[in-house]
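Here the structure is laid out as structure tokens; the discussion comes afterwards.
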There are 2 protein chains.
Amino acid sequence: MEREAIDQVRRFNRLVSQRIGALDDDFLARGRPLSEARLLHEIGSGHSNLSELREQLGLDSGYFARLLRSLESQELVETRAAPQDARARTLHLTARGEEEFAAYEGLSDAAADNLLQSLSETQQNRLTTAMAEVERLLRAAKISIALEDPRSADAAFCLGEYYAELDRRFDSGFVPDPDAPEEEYRQTTFLVARLKNNPVGCGMLRPLDHDIGEIKRVWTAASVRGLGVASRIMDRLESAARDQGCKRVRLDTNGTLKEAQAMYRKRGYREIPRYNDNPFAQHWFEKTL
Amino acid sequence: MEREAIDQVRRFNRLVSQRIGALDDDFLARGRPLSEARLLHEIGSGHSNLSELREQLGLDSGYFARLLRSLESQELVETRAAPQDARARTLHLTARGEEEFAAYEGLSDAAADNLLQSLSETQQNRLTTAMAEVERLLRAAKISIALEDPRSADAAFCLGEYYAELDRRFDSGFVPDPDAPEEEYRQTTFLVARLKNNPVGCGMLRPLDHDIGEIKRVWTAASVRGLGVASRIMDRLESAARDQGCKRVRLDTNGTLKEAQAMYRKRGYREIPRYNDNPFAQHWFEKTL
DNA sequence: CCATTTGTCTGACTTAAGTCAGGTAAATGG
DNA sequence: CCATTTACCTGACTTAAGTCAGACAAATGG
């Protein structure tokens, strides 16, 4: 199973990189080095900030400057001083640049369409559906989850976002608890999910009783919802609880958080009577580990 | 819809080529140019014929020789004269080469596993399933279907394979009709499906009555079954029939060809009474276009 | 207001990757 | 058996892609 999955991924990579390689060569077809074509494409797609773009493409600043000079000498791109900072530069396509950009777009579209056209309609639909799934999951795989100090800046950011959302969604609004004492922090397992170093989710576990843990503050940024981040956080928190010797975990929630409740039930949580005096809680759940 | 599908394909390509690029760089991590690493990998995977491999990788013969010299000087690869032809050479890994090959394999496995490990188990299954689907369909998309003279070598090859298979599968064996007269060929629409110029499927349409066409000899090579090639051939034949003014198409089949019958029914064919005297036919179908 | 940092640029270099024009020896077809 | 083809090789070259050290001017922080 394991072996099969790895082989599938590797076969996929091999096949796709051939295919994609072939598509990329179409870029070359317009008689321009690939790096220039790519840069032109990025500028045309609205990246007008030089340093940001260089950072994103991960290129050496000298090399990048030279690529720009080349595009300028072809009169495809103009650079202007940035309004706020005379050292920085902004990038813009000229009219000719726009034309070239459109030509590349047309080529890329044609290549994609060509691929689709060699399939029946049913197959086309299956292909795009499967591609969307692969894309979604590759995106999800880029998100890493790690232990974090609950007093760190990233933890604070996640909690801030979480509280703001609760305040928006609860009928009664929401006011967070005051900060927990040091003692409590020490016993807390706090996880942060990150996409390229940006925090996009969190969740925590704390002891409730000698063999019961409580899961709290599971949050996912809107930008990454539907990627199963909350599930992965829950997985990790539950296995942490198990490692700490808990037999059961509990959690509470508000009636307006329907998706969360659906997830809890799907993960095997059962509704139980009120076990705390949280004024914002309307449902209480428990799962036996 | 169209637009969305194209965008999905392009988004997928972009995302995947980044990911794959990152995987490929891992090859570089062993301090060897990518082309050498790739060549080593191919030789290790059992490609021992120099000219075949060069052909497959599409490399210049001079360049290829140089790559080989480099691998030889690193004592990773040995070349020997081919037994049947003293001009040709065969390629083999040395013991050190095997070690390096195993190291690359390990790295690739680790990269794939690393990707999988950052997903939940459910997500891993979904990812590999979707990848298998994409792979299957990309493979299918490489198959092109084109009009062909029914007397060409490729058509003869397909028909030969088709008849051989019928002979194997029919309880009574199978003996093909003698060649049709020129007149009949002229009215026949013959299609051949090809994968990289190798014929892997065929199918034909001929007029049966003034507004009825007959589909015959739809065959798919075992190596590409399950990729929907037969469906695509049927699509093309039916639309050819429509273009020729047919209102209905008919076909006959033998009882042992269960998959074919299932496909016909799925495509809207209904069983009808015997309409010809084909001694090998046991079922007759018709579809209104 | 001055030392330092930041954002961009130039010049001099390297490496990977590939092309092209021949050259040699074995095989092959008439 | 000889002219031609085939399979591989070498040497001389090119191009894309990138690295690195340092230069310069604007911004910034104390």
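Proteins come first, then strands; the chains are lettered A, B, ... in the order of their sequence lines, and each starts at number 1.
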query = Is A:Arg54 salt-bridged to A:Asp60, going by a charged N under 4.0 Å from an acidic O?
reply = no
request  = Determine whether A:Val9 and B:Leu116 make a side-chain contact, defined as any pair of heavy atoms from C-beta on separated by less than 4.5 Å.
outcome  = yes
request  = Tell me, please, the opening and closing nucleotides of DNA chain C, 5' to 3', among those with an atom under 4.0 angstrom from a non-hydrogen atom of chain B.
outcome  = C:dA16 to C:dA27
key: Other residues, nucleotides, ligands: >12 heavy atoms within 6.0 Å of B:Arg194 CZ   = yes
request  = Using heavy atoms to find the nearest nucleotide of DNA chain D for B:Asp85 and A:Glu36 separately, return the residue whose nucleotide is more 5′.
outcome  = B:Asp85
inquiry  = Assuming nearest nucleotide by heavy-atom distance, tell me which of B:Ser35 and B:Ala86 is located more 5' along DNA chain C.
reply    = B:Ser35
query = Using 30° and 60° as the class limits, which term best fits the ring planes of B:Phe157 and B:Trp219: parallel, tilted or perpendicular?
reply = perpendicular
inquiry  = Could you measure the distance from the OG1 atom of B:Thr94 to the CG atom of B:Leu71? Nearest 0.5 Å is fine.
reply    = 9.5 Å
key: Nearest-angstrom distance from the residue atom CZ of B:Arg89 to C1' of D:dT6   = 15 Å
Salt-bridge contact A:Glu72-A:Arg69 (side-chain N to carboxylate O under 4.0 Å) = yes
task = Sorted by first residue and then second, give each salt bridge (Lys or Arg N to Asp or Glu O under 4.0 Å) pair with at least one member in residues 80-98 of chain A; sequence neighbours left out.
result = A:Glu78-A:Arg80, A:Asp85-A:Arg87
Side-chain heavy atoms of B:Val77 within contact of B:His92, under 4.5 Å = no
key: Within residues 58-69 of chain B, residues whose heavy atoms come under 4.0 Å of DNA chain D   = B:Ser61, B:Gly62, B:Ala65, B:Arg66, B:Arg69
